[in-house]
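Take a look at the structure below.
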Amino acid sequence: MFHFPRILSALACAVALAACAPQAPDASATSAAVASYYGTLEPFAREAVYFVMTDRFVNGDPANDQRDQGTFDIPLVSCSGVAGNIGYLGGDFRGLADHLDYIAEMGFTAVWITPVVDNPDEPFSGGTAPTCGGSLADRGKTGYHGYWGVDFNTLDEHLPSPGMGFRELADALHAHGMKLVLDIVGNHGSPAWGMEHDQPKFGKIFDRDGTLLADHQNLDPTRLDPAGNPLHRFYSARGPVEGEGFLEGNLAQLSDFDADNPAVLDYLVDAYSGWIEQGADAFRIDTIAWMPDAFWQAFTQRIRAKRPGFFMFGEAFNYDAEVIARHTLPGQGETSVLDFPMKEAMEAVFGHAQAGFARLAPALYLTDGPYANPYDLATFYDNHDMPRLDASDAGFIDAHHWLFTARGIPVVYYGSEMGFMRGRPEHGGNRNYFGVEGIEAARTSPIRAALIRIARARAASPALQRGLQVNLELNGTRAAFYRVYQHQGEHQIALVLLNKGDAAARFAVDSMLQAGRWTSALDGGVVEVAAGGKLEASVPAHGVQVYLLDAAVTEPTLVTTLDAAMARARPQR
């Protein structure tokens with residue numbers, strides 16, 4: 001799903017002939033007469049993803065809050081004036097379904113939700129207490145986030161309402177022309193040891209019929225007896241480790257699954273196949289780096305045997321592209337991944353440091369890079385596991401202009417359309433409740449207004465979604481690049497101009513510029529470019545302009561550049 005075809009010599013000849021023909025040929029020319037140019041053919045690359053922590057979005061049905069469990073609304077001590085919360089806050093499927101119009105009108109075409117499987121019904125009594133800047137500190141926390149599964153077949157009771165279960169939520173999204181991305185966990189279940197006493201559900205795994213399959217029994221992993229106790233066989237007996245073996249050890253007192261036990265793979269494939277049958281369109285895989293590549297290769301093969309081409313992207317929390325790229329490669333999982341190196345670069349460029357656009361170039365890996373396909377990466381600038389982007393309104397606007405025009409599949413965390421809780425870490429507001437009040441406030445935000453314009457432009461442009469990227473200028477406050485999509489009779493060249501400066505910027509582009517009638521994707525303005533001419537445009541402060549030419553590529557230098565990009569876009573392994 002991530003590989004590029006090589007450009008055949010016959011196609012190269014066809015391109016050479018086309019270069020001698022008149023400019024802007026008839027778009028009805030057969031696809032056999034022109035070369036194919038694209039960043040990816042992955043269908044999911046058309047999407048733009050809005051990520052919601054379901055419990056924190058909107059409480060649409062207070063009747064499912066389960067307040068009698070003692071897990072609702074557990075505020076933390078204020079961190080620099082803002083308190084986080086480690087209890088449930090009521091967000092549910094009804095609240096999400098009732099506000100899909102709000103999400104869709106921004107130009108998003110998919111919604112990623114946090115895990116939906118059953119979690120424990122009490123706060124965890126083990127671990128260490130949360131601090132303002134700390135992570136993996138779970139004392140007193142509840143499973144509001146969904147990552148502490150105990151029954152991977154059963155919907156957690158905090159999420160559904162009468163007439164609005166998982167299938168109905170998927171149906172509601174599909175009725176809006178949107179896809180449902182389900183967050184899944186394969187590395188672990190709930191917290192399992194270090195408790196004051198053995199708490200119900202914690203450290204346990206149940207089958208769909210309620211049968212107890214595994215029980216950590218509140219034991220340190222090194223005290224488990226997988227050979228002698230059948231209830232321990234689901235789990236790894238290796239405790240926490242440091243240094244190079246960190247990813248192989250136990251994480252934050254969680255029940256660490258044994259990747260070498262075939263029963264674990266069977267259980268997870270069966271459970272997650274059930275959620276696909278109920279309407280999940282793609283998976284985000286939590287903690288993918290904590291399980292061996294062989295496990296994920298077996299998992300993805302079995303999922304795709306039932307649903308060919310099913311899209312998955314993993315979380316490998318690492319800023320080294322060489323490290324996270326391994327999950328994308330044949331035999332090593334063959335998923336996409338969240339683009340952490342690009343996240344790091346975007347924070348530097350659009351946050352308060354205000355680095356120049358050149359900082360983004362090394363993170364693109366457009367050619368000769370380590371990824372199976374960089375165009376399939378899920379691009380983002382923050383999420384629920386790190387401080388939110390600390391930027392001005394203009395910084396968020398600039399970040400979205402890049403996110404929705406450069407290569408990759410854009411992902412935006414709920415509330416970022418208004419700079420919600422900007423700069424805040426997990427326990428200091430990152431995961432705070434948004435609600436109807438947040439939605440209403442966001443409607444008047446200049447961040448959201450600018451986001452709508454560029455996201456809708458991407459949603460209507462095959463070049464911005466899946467086209468090859470050819471950089472013209474990435475420097476200081478200015479960026480200019482082409483995105484080109486030409487495949488099976490569909491032709492589009494996009495010229496993207498970005499200005500993150502505080503004053504308007506004048507662009508005069510002539511490099512590889514093809515003659516023709518270029519139309520603005522943002523305001524409908526038209527620029528006629530003659531052969532050998534320039535496209536001149538003024539881009540306002542913290543603005544963007546995207547010009548589209550719906551024609552086959554004929555400009556000779558652009559043809560040569562695209563041919564080279566296609567040949568070098570995948571790793572030579």
Side-chain angles (χ1 to χ4, degrees), residues 51-96 99 113-116 118-149 156-159 183 190-191 194-197 199-202 252-254 382-390 413-442:
F51 169 33
V52 300
M53 180 162 279
T54 310
D55 178 73
R56 297 329 208 205
F57 192 57
V58 175
N59 188 349
D61 180 11
N64 64 15
D65 288 352
Q66 316 297 334
R67 298 191 184 208
D68 59 335
Q69 293 180 356
T71 58
F72 192 86
D73 192 13
I74 307 174
L76 294 170
V77 174
S78 172
C79 296
S80 302
V82 178
N85 201 296
I86 53 177
Y88 286 86
L89 293 178
D92 49 33
F93 289 167
R94 175 63 66 190
L96 179 55
H99 294 90
I113 61 173
T114 39
V116 300
D118 192 33
N119 275 231
D121 303 330
E122 299 178 359
F124 180 52
S125 65
T128 57
T131 59
C132 289
S135 60
L136 304 179
D138 293 334
R139 180 179 291 275
K141 261 188 192 175
T142 64
Y144 69 88
H145 43 65
Y147 295 97
W148 292 354
D156 190 272
E157 68 274 16
H158 295 82
L159 299 174
D183 207 324
S190 63
M195 293 172 273
E196 296 172 357
H197 55 83
Q199 296 179 260
K201 291 191 178 181
F202 281 96
Q253 293 85 41
L254 296 167
D382 66 15
N383 64 24
H384 57 315
D385 287 329
M386 61 185 64
R388 285 179 179 258
L389 179 65
D390 193 4
Y413 189 34
Y414 80 96
S416 292
E417 64 271 25
M418 62 174 282
F420 180 65
M421 291 292 160
R422 65 189 81 194
R424 293 290 176 175
E426 176 186 341
H427 299 134
N430 174 297
R431 302 180 179 185
N432 278 15
Y433 183 71
F434 196 50
V436 173
E437 299 81 4
I439 287 174
E440 290 309 307

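- Summarising the geometry of R388 relative to G415, their closest heavy-atom pair is NH1-C, 4.3 Å, with the distance given to 0.1 Å.
- The two residues A137 and A129 have their closest heavy-atom pair at CB-O, 3.7 Å.
- Atom-to-atom distance recorded for I439:CD1 and M418:CE is 11.0 Å, nearest 0.5 angstrom.
- Listed here is the closest heavy atom pair of P123 and G140: CB-O, 3.5 Å.
- Judged by distance alone, with hydrogens and angles left aside, the side-chain atoms of R431 form no donor-acceptor pair with the main-chain N or O of E426 at under 3.5 Å.
- For G146 against P115, the heavy-atom pair with the smallest separation is O-CB, 3.1 Å.
- Under the 4.0 Å criterion applied to side-chain N and carboxylate O atoms, R94 and D92 are not assigned as salt-bridge partners.
- Using bins of under 30°, 30° to 60° and over 60° for the plane-to-plane angle, the ring pair F124/W148 lands in the perpendicular bin.
- Put simply, the side chain of E122 never gets that close to the backbone of G70: no donor and acceptor are under 3.5 Å apart.
- M421 and V82 get closest at one heavy-atom pair: SD-CG1, 3.8 Å.
- Between the D61 side chain and the L159 main chain, no donor and acceptor come within less than 3.5 Å of each other.
- The backbone N or O of G126 lies less than 3.5 Å from no partner atom in the side chain of Q253, so there is not a single donor-acceptor pair.
- Under the 4.5 Å side-chain criterion, counting only non-hydrogen atoms from C-beta, D121 is not in contact with Q66.
- Between the side chain of D55 and the main chain of L89, a donor-acceptor pair closer than 3.5 Å is present.
- To the nearest 0.5 angstrom, R56 atom CZ is 9.5 Å from T114 atom OG1.
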- Task: Could you go through the side chain to side chain contact (heavy atoms under 4.5 Å, CB included) check for E157 and N64 one step at a time?
- Result: CA-CA 7 Å; E157 68 274 16; N64 64 15; over 6 Å; no
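- The distance between the ring centers of Y413 and F51 falls below 6.0 angstrom.
- D183 and Y147 share a donor-acceptor pair across their side chains, judged by distance under 3.5 Å alone.
- Side-chain atoms of R422 do not come within 3.5 Å of backbone N or O of L389 as any donor-acceptor pair.
- The side-chain heavy atoms of I113 and F93, taken from C-beta on, include a pair separated by under 4.5 Å.
- From D73, atom CG reaches atom CZ of R67 across 7.5 Å, with rounding to the nearest 0.5 Å.
- When side chains are defined from C-beta on, Y88 does not count as touching D65, because their heavy atoms never get closer than 4.5 Å.
- Here N119 contributes atom CG and D156 contributes atom CG; the two are 5.5 Å apart, rounded to the nearest 0.5 Å.
- Residues H158 and T71 form a side-chain contact, since some pair of their non-hydrogen atoms from C-beta on lies under 4.5 Å apart.
- Contact annotation: the side chain of K141 approaches that of H427 to within less than 4.5 Å [non-hydrogen atoms, C-beta and beyond].
- Remark: the backbone N or O of G435 is not paired with any side-chain donor or acceptor of N59 at under 3.5 angstrom.
- Side chain of T142 to main chain of I86: a donor-acceptor pair is present (N/O by atom type, distance under 3.5 Å, no hydrogens or angles).
- Looking at every heavy atom in both residues, G84 comes nearest to N432 through CA-OD1, 3.5 Å.
- Taking 4.5 Å as the limit, every side-chain heavy atom of K201 sits out of range of all side-chain heavy atoms of S190.
- We find the OH-NE2 distance between Y414 and H384 to be 10.5 Å, quoted to the nearest 0.5 Å.
- Residues R424 and S80 meet the side-chain proximity criterion, which asks for heavy atoms closer than 4.5 Å.
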